[in-house]
Amino acid sequence: MCRHCLGLIMITVILMLLGCSFNKSFSQAKEQTVKFFEKNQNDFETAKDTILTAKSADDVSIKNISYISFDTVETSDMITFDYDAQGMLGGQYWGIVFSSDDIPGIDNSIPTLTESETKGIYYWEESDGNNIFAMERITENWFFYYFDYDGHLNISDFRTK
């Protein structure tokens with residue numbers, strides 16, 4: 001193998017190891033996201049109003065939000081603002097959700113959430129896998145969400161007593 005290729009492989013491995021050591025926990029992701037939301041709440045409100053009027057998230061953007069989607073779940077209009085992610089081939093994804101009826105959810109792909117009695121967190125875990133979804137209220141109609149496709153989130157912290 002050429003020296004150049006070996007060097008690139010070593011750099012890739014080092015970067016992957018560094019990336020693994022800088023993963024954010026649920027709490028760190030929530031803290032970062034909530035601070036961002038509070039700092040930019042007017043932008044979120046403007047985007048929400050525009051999306052609800054148009055019934056579409058097309059052409060709506062907020063700085064540092066990677067993707068915005070709109071969906072109607074039963075009687076609730078849901079707007080998802082994807083903020084950050086980590087990991088490869090799975091990983092964790094998090095952001096902000098607006099729910100017009102103030103009921104936590106994200107879209108039709110997640111079944112009914114269980115409310116934790118101890119922390120005010122709503123969660124769902126896959127019965128035969130390691131996918132976990134959690135939400136926590138920020139303010140009325142606004143929630144922090146966290147998808148974990150690797151099962152790293154300690155779901156026992158959220159389970160009801």
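Small disclaimer: the values here were computed from a predicted structure and weren't measured.
Side-chain atoms of Ile68 and Ile79, non-hydrogen and from C-beta on, do get closer than 4.5 Å to each other. Within the 4.5 Å cutoff, the side chain of Tyr146 has heavy atoms near those of the Gln92 side chain. Considering only heavy atoms from C-beta on, Met135 stays 4.5 Å or farther from Phe144 through its side chain. Gln32 places a side-chain heavy atom less than 4.5 Å from the side chain of Trp94. By the 4.5 Å heavy-atom criterion applied to side chains, Pro104 and Phe143 are counted as neighbours. Counting heavy atoms from C-beta on, the side chains of Thr80 and Asp71 never come closer than 4.5 Å.
Under a 3.5 Å cut-off, the side chain of Asp150 and the backbone N or O of Gly91 do form a donor-acceptor pair. For Gln28 (side chain) and Ser25 (main-chain N/O), a donor-acceptor pair under 3.5 Å exists by modelled atom type. Under the 3.5 Å distance criterion, the side-chain polar atoms of Ser76 are left unmatched by any main-chain donor or acceptor of Met78. The closest donor-acceptor contact from the side chain of Asn141 to the backbone of Ser100 lies under 3.5 Å.
Residue-environment remark: CG (Asp59) stays at or below the threshold of 12 foreign heavy atoms within 6.0 Å.
Leu113 and Tyr93 end up in the same hydrophobic cluster when Ile, Leu, Val, Met, Phe, Trp and Tyr side chains are linked at under 4.5 Å. A chain of hydrophobic side-chain contacts below 4.5 Å, direct or via other Ile, Leu, Val, Met, Phe, Trp or Tyr residues, connects Val34 to Ile62. Residue Leu52 is grouped with residue Ile65 when hydrophobic side chains (ILVMFWY) are merged at heavy-atom distances under 4.5 angstrom, including chains of intermediate members. Using a 4.5 Å cut-off between side-chain heavy atoms of Ile, Leu, Val, Met, Phe, Trp and Tyr, with links allowed through other members, Ile103 and Ile96 fall into different hydrophobic clusters.
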Steps toward salt bridge (Lys or Arg N to Asp or Glu O under 4.0 Å) verdict (Glu45, Lys48): CA-CA 5 Å; Glu45 293 288 346; Lys48 174 212 37 145; 3.1 Å; yes
If you apply the rule side chain to side chain contact (heavy atoms under 4.5 Å, CB included), what do you find for Tyr122 with Arg137, and how did you get there? CA-CA 9 Å; Tyr122 303 84; Arg137 184 180 312 282; 3.5 Å; yes
Go through it in stages, so that I can follow the logic: the residues are Lys24 and Asp84, the test is side chain to side chain contact (heavy atoms under 4.5 Å, CB included), and I'd like the CA-CA distance, side-chain angles, deciding distance and then a yes or no. CA-CA 10 Å; Lys24 291 182 180 77; Asp84 206 351; 3.8 Å; yes
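Tyr83 and Phe81 have their aromatic ring centers separated by at least 6.0 angstrom. Taking the centre of each ring, Tyr123 and Phe26 stay at or above the 6.0 Å mark. Taking the six-membered ring for Trp and the full ring otherwise, the centers of Phe37 and Phe44 sit less than 6.0 Å from each other. Taking the six-membered ring wherever Trp is involved, the centroid distance between the rings of Phe98 and Trp142 falls below 6.0 Å.
With rounding to the nearest 0.5 Å, the separation of NZ in Lys30 from CD1 in Ile138 is 9.5 Å. Here the CG atom belonging to Asp77 is positioned 4.0 Å from the CZ atom belonging to Phe70, to the nearest 0.5 angstrom. Between the OG1 atom in Thr114 and the CD1 atom in Ile121 there is a gap of 12.5 Å [rounded to 0.5 Å].
Minimum heavy-atom separation, Asp49 to Thr53: O-OG1, 2.9 Å. The two residues Tyr149 and Asn130 come nearest to each other via the heavy atoms O-OD1, 3.4 Å. Closest non-hydrogen pair, Ala47 versus Val60, comes out as CB-CG1, 3.7 Å.
Side chains of Asp82 and Ser66: no donor on one and acceptor on the other come within 3.5 Å.
Taking the six-membered ring where tryptophan is involved, the planes of Phe147 and Tyr145 are perpendicular, since the angle between them exceeds 60° and thus also 30°.
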